[in-house]
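One structure is given below, encoded as structure tokens.
Note: hydrogens, waters and symmetry copies are ignored here, and every other heavy atom, side chains too, is used. Index from 1, following the sequence.
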Amino acid sequence: MASSSISALSLLIFTLLSLSSPLQTLSAASVIEDLNNLHPPPDFNTTISNNCKTNPSLKYCINFNPLNLPEIFKFTIVASHLCNESRNPNCVVSFPAINLQNRPKIAPLYLSFDFFWKYCPLTVSSIDLSNNSLKGNFPSDVFYCSQIQSLDLSQNHFSGEIPIQNFSVFTNLTFLNLSYNSFSESEISDSDELFKRFNASSFIHSGIIPDKRKFKIKALLFLTGFPVCVFLLVIFLWWICFSRPDFLPKFLRKKHKFTPSILKAATNGFSKKNLVAKSEGVRIYRGVLRDGTEIRIETYFDKIKFSREKRKDFVEECKVLVQLCHKNLVQVLGWCDNRRLRAVVTEWIEGESVEMWISRLDPPWKHRVKVLTKVVEGMMYLQEEWPGVGYDLKSSSILLSENREPLISRFRVEDESSCNKKVYKFGVLLLEMVTNRNPREEFEREEAGFVEWVRMHFPENMCSLIDEKKKRAEHMLDQATRSIELGLMCTDMSRGMQPRLDQIFEKLTAIYISILASASPDRKRVHGDRATGHRHIQSR
Ligand SMILES: *[C@@H]1O[C@H](CO)[C@@H](O)[C@H](O)[C@H]1NC(C)=O
Ligand SMILES: *[C@@H]1O[C@H](CO)[C@@H](O)[C@H](O)[C@H]1NC(C)=O
Ligand SMILES: *[C@@H]1O[C@H](CO)[C@@H](O)[C@H](O)[C@H]1NC(C)=O
Ligand SMILES: *[C@@H]1O[C@H](CO)[C@@H](O)[C@H](O)[C@H]1NC(C)=O
Ligand SMILES: *[C@@H]1O[C@H](CO)[C@@H](O)[C@H](O)[C@H]1NC(C)=O
Ligand SMILES: *[C@@H]1O[C@H](CO)[C@@H](O)[C@H](O)[C@H]1NC(C)=O
Ligand SMILES: *[C@@H]1O[C@H](CO)[C@@H](O)[C@H](O)[C@H]1NC(C)=O
């Protein structure tokens, strides 16, 4: 029966091959050309009927329908082309194999001819479509060739599920290769014939069978990776909470608390470039926080580790300092309290110290007095609101912002220095600003020596007390005299004669107003008054 079907097909193909000359040069283009141009011969009807009579097992004979004649004709065209393309030795006699290995250009074309596969010649016993970069789902049309013994679809890009159940039609299949494709992983159950009939070498890297080695590697990666990830996460969280809380969102951060790492990052690792001042045990750095805020960091280095007691005091102190808020006080932003590092962080003031300002610019009187009144304002705020807070009232530690706003810095909590002492210090500052002398550099007993020196020359020798340039303007002399008087009152601690801060403020304001007046257009009259006053002082 098989031999008769072969002869029937052969006959048909032979008929076709002898039909027209274009078939002599077979190619992908010619098969399409033939499909478009060839038409069933007038006796095709008869030929087919005869074929079916002699061999009813021909596929097109089963449920033969005359309406299918054009399709059957097309099938015969494709069959003859494909047989030859598959390099079968004698296509006139038989068509045993569809072999399109390494034919990526024509393989997809032949796969697309459904009408061919529908009537798949029963003579075909092997199909090889390997190594063609074929895409898409499993080519289900091959199931029409249920008689095949060998199927090779390896080295393509097929994807999706493979229809495992349909493989049962391949009762005579002895060779299968689906390796090197991208099929979806299939759930393999024991009832699947397919995996009993063919071993793993048919499914290498096909995607169908989960790769055991890959799975092992995945499992290993997971088993080691998970704890490592957890460990790293814990380390990361620990780091962020205890070392760099500035990476946390604002509401999670502890206000005012700075860690050594934050300060280190802000100052490029406490680099020399960021060091702005240095004295015994204290180093002052300029830094930039992550949010761009410029800060001034006062770090304290002690040789011995800070005791618990000492650290507690320090924190308590800083907790007070961050609450200070006045336009003439440097704003304390926070602190760092660590076994290795203690630091107070304040806002960065772009500007200079009053000491530098005086020596660099020799500012006019008016400005000096204005700065002094503002210092008193800051002092008054502290006395009223925070009497326990002390501060360093030196021309070198009072900072001057760019808009000439003086800012008291370097605070000390639970300062023993009394109010009197603070007024004394202010007196020294005032005298310093009038005389343009530096008490800490030019005098042997520093401030005390300086005050003594002023007292010695006042008022008889005013000229040696004040600056050459200032002497020229006579009204200046009067204001200078009044200022020195005030300064000496402040530094006079012996007789309890020190003025209160509000009194100092009033006096300074009065001096400031008189300076403004003497600088105004009707300065002549005022000038005259001052001149008299001056003469009075001189004659005393
Ligand atoms: C079949 O193909 C071969 C090349 O594989 C070619 O030499 C031969 O002429 C073809 N036969 C027919 C009948 O087209
Ligand atoms: C040929 O086809 C016609 C219809 O086109 C049909 O009536 C006739 O029976 C067919 N002949 C044979 C021999 O099958
Ligand atoms: C697969 O085809 C490529 C070219 O398309 C070729 O280089 C390679 O040798 C072929 N592999 C096999 C196993 O035939
Ligand atoms: C399998 O081979 C046997 C014997 O060669 C044959 O009888 C049977 O029809 C074949 N099965 C299919 C599905 O072609
Ligand atoms: C595959 O099998 C299903 C039933 O399991 C059937 O409905 C379908 O027609 C089959 N497909 C082919 C191409 O044989
Ligand atoms: C898989 O089966 C083939 C025969 O189909 C055999 O040659 C080969 O050795 C088998 N491989 C393994 C790993 O069992
Ligand atoms: C299937 O093909 C691949 C690659 O072409 C090959 O390594 C493998 O041995 C083949 N499997 C069988 C069962 O021949």
Side-chain angles (χ1 to χ4, degrees), residues 276-284 298 300-302 328-330 344 352-363 365 368-369 371-372 374-376 378-379 382-383 389-400 406-468 470 480-499 501 504 508:
V276 288
K278 190 175 159 184
S279 61
E280 209 177 316
V282 183
R283 276 182 210 166
I284 296 170
E298 223 174 281
Y300 305 100
F301 294 97
D302 277 8
N328 296 114
L329 305 182
V330 168
V344 176
E352 53 194 346
S353 68
V354 166
E355 185 179 44
M356 280 166 68
W357 175 60
I358 290 175
S359 71
R360 193 172 61 85
L361 285 179
D362 193 13
W365 242 121
R368 293 185 194 218
V369 175
V371 162
L372 281 167
K374 288 183 168 185
V375 169
V376 179
M379 291 170 73
L382 283 174
Q383 192 175 36
V389 174
Y391 39 86
D392 190 10
L393 206 63
K394 267 190 237 155
S395 58
S396 58
S397 59
I398 294 174
L399 303 172
L400 212 55
L407 292 137
I408 300 174
S409 68
R410 306 231 190 129
F411 307 99
R412 275 263 166 276
V413 177
E414 286 179 28
D415 186 73
E416 265 90 69
S417 64
S418 60
C419 187
N420 290 358
K421 184 86 194 196
K422 287 171 191 165
V423 171
Y424 173 87
K425 283 275 191 183
F426 178 77
V428 173
L429 176 72
L430 195 158
L431 292 176
E432 186 181 338
M433 286 178 72
V434 178
T435 60
N436 251 12
R437 293 296 194 94
N438 188 331
R440 284 161 301 277
E441 279 173 19
E442 297 175 26
F443 296 89
E444 214 169 277
R445 281 167 48 231
E446 301 198 344
E447 286 176 0
F450 167 63
V451 172
E452 215 165 80
W453 171 79
V454 176
R455 214 177 284 286
M456 225 166 65
H457 290 83
F458 186 81
E460 287 74 23
N461 206 354
M462 267 301 281
C463 291
S464 63
L465 289 180
I466 64 169
D467 207 344
E468 277 301 320
K470 303 221 160 40
T481 308
R482 284 162 71 188
S483 307
I484 292 176
E485 267 176 344
L486 179 59
L488 287 178
M489 273 165 79
C490 292
T491 51
D492 189 356
M493 289 174 79
S494 57
R495 281 175 280 169
M497 291 279 283
Q498 278 184 315
L501 284 179
I504 297 174
L508 276 176

**OP:** Look at the rings of W453 and F450 and say which category their plane angle falls in: under 30° parallel, 30 to 60° tilted, over 60° perpendicular.
**Re:**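 Because their plane-to-plane angle is under 30°, the rings of W453 and F450 count as parallel.
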Hey, are the side chains of [X] and [Y] touching, using non-hydrogen atoms and a 4.5 Å cut-off?
X    : Y    : value
N328 : V376 : no
L430 : L508 : yes
L429 : E355 : no
V375 : L393 : yes
L400 : K374 : no

Interatomic distance, [X] atom [atom1] to [Y] atom [atom2] [nearest 0.5 angstrom]:
X    : Y    : atom1 : atom2 : result
L382 : L329 : CG    : CG    : 4.5 Å
S396 : M356 : OG    : CE    : 11.0 Å
L486 : F426 : CG    : CZ    : 7.0 Å
S353 : L407 : OG    : CG    : 12.0 Å

Subject >> E447 and its salt bridge (Lys or Arg N to Asp or Glu O under 4.0 Å) partner, picked from K425, K394, K421 >> reply: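 Answer to the salt bridge (Lys or Arg N to Asp or Glu O under 4.0 Å) test with E447 among K425, K394, K421: K425.
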**OP:** Can you see which heavy atom on M433 is nearest to which on I358, and at what distance?
**Re:**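 Taking every non-hydrogen atom into account, CG-CD1, 3.4 Å.
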